[in-house]
> 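The structure that follows is given in the form of structure tokens.
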Amino acid sequence: MKKSFLTIICLVAAFTANQVLASGDAAAGKNKVAMCAGCHASDGNSMVSAFPKLAGLGEKYLYRQLQDIKSGERVIVEMTGLLDANSDQDLQDMAAFYDSQQRSIAGAQEISLIGYSDPVEALELGEDIYRGGNLKTGVPSCTGCHSPAGTGNGPAGYPGLGGQHADYIESQLLKYQSGERNSGANAKIMQGVAERLSNKEIKAVANYISGLN
């Protein structure tokens with residue numbers, strides 16, 4: 001079962017890597033994201049941990065998310081209706097602009113986890129999960145899709161996670177775990193990963209990722 005799960009991930013990655021990238025104009029996109037600055041900042045480096053950093057996240061990934069949000073497939077209450085007036089080209093341009101920006105690093109913090117008396121051990125747990133997964137529970141490493149440095153896989157549409165807010169990563173993994181986040185072609189992959197992670201592992205790996213650059 002574990003082997004077949006990993007095989008599915010590899011096959012999906014190989015398939016999506018051959019999909020055509022969105023073609024946006026970053027310069028045009030700069031003038032189309034003014035309404036986004038309140039939550040995500042003008043350069044996509046949100047200062048509020050509840051709102052994701054969009055800078056350098058990946059053009060293809062961003063474009064797909066904007067499409068899903070506009071169509072209602074992905075429900076984000078704060079963004080309801082905000083994209084209704086935007087054309088598909090607008091979404092591509094917005095995605096291109098944010099992807100062209102340099103993402104700042106949120107930075108890993110000293111966190112306490114039950115069973116781990118030393119914050120360094122908690123950070124090491126996050127690194128172990130990110131780089132090696134958990135063979136006992138069938139969790140694959142995160143590096144296969146999101147790269148060792150957290151830069152993602154642009155052609156395949158896998159987002160760059162390095163430096164993202166830990167709180168946001170944790171919240172999204174918990175939503176995948178519960179099935180609340182279920183939009184997009186790769187949702188099943190992430191749900192399969194998250195449901196095999198304990199909440200403690202989720203917190204640890206989210207914190208580790210926030211320090212990657």
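Bear in mind that the values here come from a model prediction, so they are computed numbers and not experimental data.
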> Got Asp93 and Gln89 here, is their nearest side-chain heavy-atom distance under 4.5 Å?
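They are in side-chain contact.
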> May I have the step-by-step check of side-chain contact (heavy atoms from CB on, under 4.5 Å) for Val48 and His40, ending in yes or no?
CA-CA 8 Å; Val48 181; His40 301 288; over 6 Å; no
> Compare all side-chain heavy atoms of Gln172 with those of Arg181 and state whether any distance is below 4.5 angstrom.
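Heavy-atom side-chain distance check passes, below 4.5 Å.
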> Do any N or O atoms from the side chain of Gln92 and from the backbone of Ser23 form a donor-acceptor pair under 3.5 angstrom?
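Between the backbone of Ser23 and the side chain of Gln92 there is a qualifying donor-acceptor contact (under 3.5 Å).
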> Using a 3.5 Å distance criterion without hydrogens, assess whether the side chain of Arg131 forms a donor-acceptor pair with backbone atoms of Pro148.
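Indeed, once roles are kept as given, a pair shorter than 3.5 Å links the two residues.
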> Can you confirm whether Arg74 sits close enough to Gln65 that some side-chain heavy atom of one is under 4.5 Å from a side-chain heavy atom of the other?
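The answer is yes; the side chains approach within 4.5 Å.
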> Would you say Ile69 ends up clustered with Val75 if hydrophobic residues are merged whenever their side chains have heavy atoms under 4.5 Å apart, either directly or through other cluster members?
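No, Val75 does not connect to Ile69 through the hydrophobic network.
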> Check whether Asn186 reaches the backbone of Ile189 with its side chain - one donor and one acceptor, N or O, closer than 3.5 Å.
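No.
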> Less than 4.5 Å apart, any side-chain heavy atom of Leu54 and any of Val33?
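Sidechains of Val33 and Leu54: no contact.
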> Side chains of Asn134 and Glu201 only: does a donor on one sit below 3.5 Å from an acceptor on the other?
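Side-chain D/A pair, Asn134 to Glu201: present.
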> Are Leu83 and Met94 side-chain neighbours, meaning at least one heavy-atom pair lies under 4.5 Å?
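Sidechains of Met94 and Leu83: in contact.
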> Could you state whether Met190 and Leu212 fall into the same hydrophobic cluster, counting links through intermediate Ile, Leu, Val, Met, Phe, Trp or Tyr residues with side-chain heavy atoms under 4.5 angstrom apart?
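Same cluster.
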> Rounded at 0.5 Å granularity, tell me how far CG in Asp43 sits from OH in Tyr98.
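Separation between the atoms: 8.5 Å.
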> What distance do Leu62 atom CG and Leu57 atom CG have between them, rounded to the nearest 0.5 Å?
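Going from CG on Leu62 over to CG on Leu57, the span is 4.5 Å.
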> Are Ile169 and Phe51 linked, directly or through other ILVMFWY residues, by side chains that come within less than 4.5 angstrom of each other?
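No, Ile169 and Phe51 fall in different hydrophobic clusters.
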> Are Met79 and Leu91 connected, step by step, through hydrophobic side chains (Ile, Leu, Val, Met, Phe, Trp, Tyr) whose heavy atoms are closer than 4.5 Å?
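Yes.
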> Output, in order, the C-alpha distance, side-chain angles, deciding distance and verdict of side-chain contact (heavy atoms from CB on, under 4.5 Å) for Leu174 and Ser171.
CA-CA 5 Å; Leu174 289 173; Ser171 73; 5.8 Å; no
> More than 12 non-hydrogen atoms from neighbouring residues, nucleotides or ligands closer than 6.0 Å to CE on Met35, yes or no?
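Check passes, neighbour count above 12.
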> Hey, could you give me the CD/CG distance between Glu110 and Asp118, rounded to the nearest 0.5 Å?
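Glu110 CD to Asp118 CG: 8.5 Å, rounded to 0.5 Å.
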> Closest heavy-atom contact between Ser46 and Cys39?
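The answer is OG-O, 3.1 Å.
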> Hey, mind stepping through Lys53 and His165 against side-chain contact (heavy atoms from CB on, under 4.5 Å) and telling me if it holds?
CA-CA 7 Å; Lys53 294 172 182 281; His165 293 300; 3.7 Å; yes
> Got more than 12 heavy atoms from elsewhere within 6.0 Å of CD, Glu78?
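Yes - once you tally the heavy atoms of other residues, nucleotides and ligands closer than 6.0 Å, there are more than 12.
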> Mind checking whether Cys142 and Val205 have side chains closer than 4.5 Å, heavy atoms only?
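A side-chain contact under 4.5 Å exists here.
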> For the residue pair Ala122 and Ile111, what are the closest heavy atoms and their distance?
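Nearest heavy atoms, Ala122 then Ile111: CB-O, 3.8 Å.
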> Taking Ala55's backbone N and O only, do any of them form a donor-acceptor pair with Gln102's side chain (distance below 3.5 Å, no angle check)?
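Answer holds: no.
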> Would you say Tyr63 and Asp88 are linked by a side-chain donor-acceptor pair, where the criterion is simply a distance under 3.5 Å?
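Yes, side-chain donor-acceptor contact under 3.5 Å.
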> I'd like to check Asn153 versus His146 (side-chain heavy atoms, cut-off strictly below 4.5 Å). Are they in contact?
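A side-chain contact under 4.5 Å is absent here.
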> If hydrophobic clusters are built by linking Ile, Leu, Val, Met, Phe, Trp and Tyr wherever their side-chain heavy atoms come under 4.5 Å apart, do Tyr168 and Ile129 end up in the same one?
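No: no chain of side-chain contacts under 4.5 Å links Tyr168 to Ile129.
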> Check Asp99 against Gly58 and note the closest heavy-atom contact, atom names and distance.
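Looking at all heavy atoms of both residues, the closest pair is OD1-N, 3.0 Å.
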> Can you name the side chain to side chain donor-acceptor pair (under 3.5 Å) partners of Asp68, sequence neighbours left out?
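With sequence neighbours excluded, Asp68 shows a side chain to side chain donor-acceptor pair (under 3.5 Å) to no residue whatsoever.
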> Keeping Lys60 on the side-chain end and Gly154 on the backbone end, is there a donor-acceptor pair under 3.5 Å?
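Not a single qualifying donor-acceptor pair exists.
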> Side chains of Gln164 and Ser210: closer than 4.5 Å at any heavy-atom pair?
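Of all side-chain heavy-atom pairs linking Ser210 with Gln164, none is under 4.5 Å.
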> Could you grab the distance from atom CG of Leu197 to atom CD1 of Ile202, nearest 0.5 Å is fine?
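Separation between the atoms: 5.0 Å.
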> Hey, what do you get for CD1 (Ile76) to OG (Ser183), rounding to the nearest 0.5 Å?
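So the gap between those two atoms works out to 8.0 Å.
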> Which pair of non-hydrogen atoms, one from Pro140 and one from Gly138, has the smallest distance, and what is that distance?
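Scanning both residues, the minimum pair turns out to be CD-O, 3.4 Å.
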> Check whether Asn207 reaches the backbone of Gln109 with its side chain - one donor and one acceptor, N or O, closer than 3.5 Å.
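Judged by distance alone, yes, a pair lies under 3.5 Å.
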> So which heavy atom on Ala194 is nearest to which on Leu173, and how close?
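Heavy-atom minimum between the residues: CB-O, 3.5 Å.
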> Indicate yes or no for a side-chain donor-acceptor contact from Ser147 to the backbone of Thr151 under 3.5 Å, with no hydrogens or angles considered.
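Between the backbone of Thr151 and the side chain of Ser147 there is a qualifying donor-acceptor contact (under 3.5 Å).
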> Considering residues at least two apart in sequence or located in another chain, which fulfil the ring pair (Phe, Tyr, Trp, His ring centres under 6.0 Å) criterion with Tyr208?
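Tyr208 satisfies ring pair (Phe, Tyr, Trp, His ring centres under 6.0 Å) with Tyr130 only.
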> Any chance NZ of Lys30 has more than 12 other-residue heavy atoms, nucleotides or ligands included, within less than 6.0 Å?
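Open.
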> Nearest 0.5 Å, please: how far is CD in Gln191 from NZ in Lys188?
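Rounded to the nearest 0.5 Å, the NZ-CD separation comes out at 5.0 Å.
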